[in-house]
Amino acid sequence: MYGYIARRILSTIPVVLIVGVIVFSLLFVAPGDPAAIIAGDQASPADVERIRRTLGLDQSFLVQFGHWFSRVMMGDLGTSIFNGKPVTELIGLRLGPTLSLMSVTLTFAVLIAVPLGVLAAARQGTWVDTGVMMMAVLGFSLPVFVVGYLVTYVFALQLQAFPVQGYRPLDEGFWPWLHGLILPALSLGGVYIALIARVTRAAMLEVLGQDYIRTARAKGLGLGRVLFLHALKNASVPVVTSIGLGLALLIGGAVVTESVFAIPGVGRLTVDAILQRDYPVIQGVVLVFSFVYVGVNLMLDLVYTLLDPRIAY
Amino acid sequence: MHRRWFLKNLATAGVAAGAGILAKPTLLRAASPKVLRFVPQADLANFDPIWGTQLVVRNASAMVWDTLYGFDEKFRIQKQMLESDDVSADGLVWTFKLRPGLKFHDGEPVRAKDVVASLDRWSQRDNMGVMVRALQKELVARDDRTFRWTLGKPFPKLRFVLGKMNTPVAFIMPERIAKTDPFKKISEYVGSGPFRFVANEWVPGSQAVFERFADYLPRDEAASWMAGGKRVLLDRVEWVTMPDPSTAAAALQNGEIDWWEDPLPDLVPLFRNAAGVTVDIADPMGNVGSFRMNHLQPPFNNVKVRRAVLTAISQSNYMQAVVGDDPKLWKPLPGFFTPDTPWYTEDGGEVLKNGGDLALAKKMLAESGYAGEPVVCLIAQNQSIVKAMGDVTIDLLKRLGMNVEFVATDWATVGSRRASKAPVAEGGWSMFHSWHKGADCIGPYTGARASGDHAWFGWPSDANVEKAFDDWFAATNLAGEQDALRRVNRYGLESVVYAPTGFFRTYAAWRNSVSGIAKGPLPFFWGVNKTA
Amino acid sequence: MSAAPDRFPDSAVGVIAAPEMPDILPEFTPRAGVIGFLRRNPRIAVGGTILLLLLFCAVFAGYLGTVDPAAIAPSRRARPPSSEHWFGTDMIGRDLYSRVVYGTRVSLFVGFAVALVASGIGLAIGLVAGFLKWVDGPVMRVMDGLMSIPPILLAVALMALTRGSVGNVVIAIAIADVPRVCRLVRSSVLSLRELPFIEGAVTAGSSTPRVILRHVLPNTLAPLTVQATYICASAMITEAILSFIGAGSPPDVPSWGNIMAEGRMLWQVKPFIIAFPAVSLSITVLAVNLLGDGLRDLLDPRSATKA
């Protein structure tokens, strides 16, 4: 088992390396000059040129890549061109809100979607099934920001039940933290709920058709027990996979959700950095996101081996 | 099989890591401090008012750093950090004396050597500072409170230059910070202004925090813009960046923020109907919209083509696109200088007053020798004012029969591409939009200069305009300044240094619990109070 | 690499579970007729009908009571719906009805083009990777790398590189989808490769390209078609999100994403600006998703919902 884990971890190294090369070369050829933005609207062209030189932006691709790569190897992601803060610090400041948003969304989504999927599978072909599936399709059909505006209007402006924007760190209390994240999680979670509900239903249908489930039912076990204890456990591999792969979806959605709800997270950091051409930040963030994605999927891979002993490693 | 053990440890590790990241250092807050939450026009992405010249940086800097002189609301330059100033009869030797008791946020007194170092750094970056520097013979600290500036030629506008609000502003920093290379950012934010910058709570892209500086010594006079006694009544000001204006609107309605610097004009009706929110003109000095052409490349290197475009411009179209239906928010502007100030002039502005004569413009274009050269318009999509003007321009140039090529991009790319002097086929450009603060457009501002290579992007070159600006610098009274600017206006429109698209104002909105907000070219936090 | 992720195809926005690959296209019995086919497959019927209507709008946009969607009129900006402007006007006075109708063209084009480009490239790479062992490793690592960058971030970054044009939007979105198609095709090739008739063909001396073209390609098309519909749906949503972020189609293009992005700031005061394109987009995406679900049920009987 440890051999498998080691091999699996090693296999992620080239992936992350490739991401580094992709990201660095993408941004190197990008138009848009950070020096011009830094200098400001009223600066003279000569000022812009001088700033460009002091930032090392006038050097060749290989030189810049070499510098960058050797620093990354030492855990230094560079400093932001715009505010001079270390990229690791910038990401550190923003990680809390994003992780909070994602974990709350994930929890909500799983709590809502899995029972819905199980229900739909158990009542296959009935109006319950059709209803759940229609909702799931609808979940894919609206852009996140439209959902965000709708929930803001109803729950924050009309009912005054939730704040419109902002993030309160966890150490200000669990409730203030959660309170501010409910609306963002609701709008971000739509797609995710749809995804997980569909996968759960499909996986359950497959399992429910198998003999041992019929046997269990025949033995007189209650429907609930059969569904949630026996069937769901065996349907869990695709469900867990979808949670992991959907993470990319969640990160993409977080970019928009964080803008709509003014949450100071990593998603917004990234978009701001892209629009400002803050190269070190873009590179750092995309690397970190890739790490998270690769890491989570690595963990899930390892979890499968625990969930389903039939998978060889 | 170690499955259970493995799962358990995995879970424990995950929880521990999560808790570590989620916990933020506890913020230190007084028992019940007066906290004002403010939404600025843009994010405070960097914080060096000499190195970066964005207005938002200037506005935040005005809280943290003080100036030798300050502009008041009557456009007069008043002494601010200075107790006295004195100029020799030949106009060459200026002697300044600081007020006693000025302190930096680190507790050190403000000394003349700090001022000398600050002026030295500033005068390498500021256009007018560079002019003074060119005349400078000596700038020295005489003692802790006195310094002297000796020039080779008289420079009557020295007070104006040291007190102007146009970026970069001559802010005074401690010597050790001011010693930083003017082309590198400072990394310590210590000033002697009425607010202290709380550096460890600064999250670029999200928030910047300022606290009242208890040892600040306000002047005795009443505060008036950047002049007078800057009395701080709040304990703490939090700048919150809102990426989405509709979120800012909702937050203001919900009472989650106290003051929004620049609400979209279209959202203002929302606050008019909402209880608890006040809306008013933010800055009576307003803004001057600008449509800049590249004077180095065809077709706009031909003054006749530029004049044809100027003739075609309908400022009401531009201004309605920018500020919306509210007629109180905009005025036609047949020139380059701010209305309702002594420097306003309409000399030579008939072409813009008649405005939008498409038939005449087409005729002029036909006679100009325009041969269908492509016009590359750079339009930033993430800047609503620029975008609105761009939409109007595209439509205008198409109707004028020009061969328009529309480069929809972002502000960052415009900022970079407009620096290129190359032909359009080689990555150059033909035109872009911008705007200038009305408070700056009362003298020789960057956008109106026509000094060729030294001028702003587009590099207009016109000896008459520059001669007139020289006369402004030499002028010793208002009449002289007015006469100079009249000539700038006439010659400038004749050679179309840039095309003004109109004068517009914007609103600010705040909760009724906030009082004492002054109308001015930047948000002033002194004199502002908040009831619980 | 582990076996587990390949047990289950990847999911992007709307790229949903197709847990097991169908073997071949089912027999289509002509005698049942189109009506009978549609009756038995209501999702295809509903989704297809809506799509046909939208396609009609797109093709005949100029004949549906529209005016020039780019004609500005700042003096009558942001007007609510009226008999003159059925959907109202936008922030610079353009007619929203015309923009939304013309927007059908853009959104459908983006959706279909992304689906085509991503499937085409993904199919080519996936077939090669699945068949040639020595290509497989390096190519799939690059695909893994690409895939671990969140698609929307990748698309935004690509858009920041290039000049805004609808074509570039298509490419930026498609590139992010390629690895997913590629993995789907590859895994289906890997399972097909072991089937007796392919093995037989190889042993019989058919050249590799021939085997791919004659035997493998047709059998991969079914799952790919299903996947392509989901890509199409998600691409339309992504287009809107790119516009929201400010990295989408050029603003003079009346895409639904652009109309929403321009009007979104005013959702409280002028909700109609964002509502019409949002509803249009939802209906379209819904239709494509329904069609996709219907196709999946049809092509993959095992997970079909037959009572």
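Within every chain, numbering begins at 1; the chains are lettered A, B, ... in the order of the sequence lines, protein sequences first and strands thereafter.
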**Student:** Got B:D244 and C:R264 here, is their nearest side-chain heavy-atom distance under 4.5 Å?
**Tutor:** yes
**Student:** For the residue pair C:M265 and B:S246, what are the closest heavy atoms and their distance?
**Tutor:**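 For C:M265 versus B:S246, the nearest heavy atoms are O-CB, 3.5 Å.
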**Student:** B:N317 versus chain C, heavy atoms under 4.5 Å apart: side chain, backbone, both or neither?
**Tutor:** both
**Student:** Using heavy-atom distances under 4.5 Å, tell me whether B:A250 contacts chain C through its side chain, its backbone, both, or neither.
**Tutor:** both
**Student:** If every non-hydrogen atom of C:L266 is compared with every non-hydrogen atom of B:D266, which pair is closest and at what distance?
**Tutor:** CD2-CB, 3.3 Å
**Student:** Nearest 0.5 Å, please: how far is CD1 in C:I72 from NZ in B:K398?
**Tutor:**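 Answer for the NZ-CD1 pair, B:K398 versus C:I72, is 10.0 Å.
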**Student:** Hey, does C:M91 have a side-chain heavy atom less than 4.5 Å from the side chain of B:D391?
**Tutor:**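 No, every pair of side-chain atoms sits at 4.5 Å or beyond.
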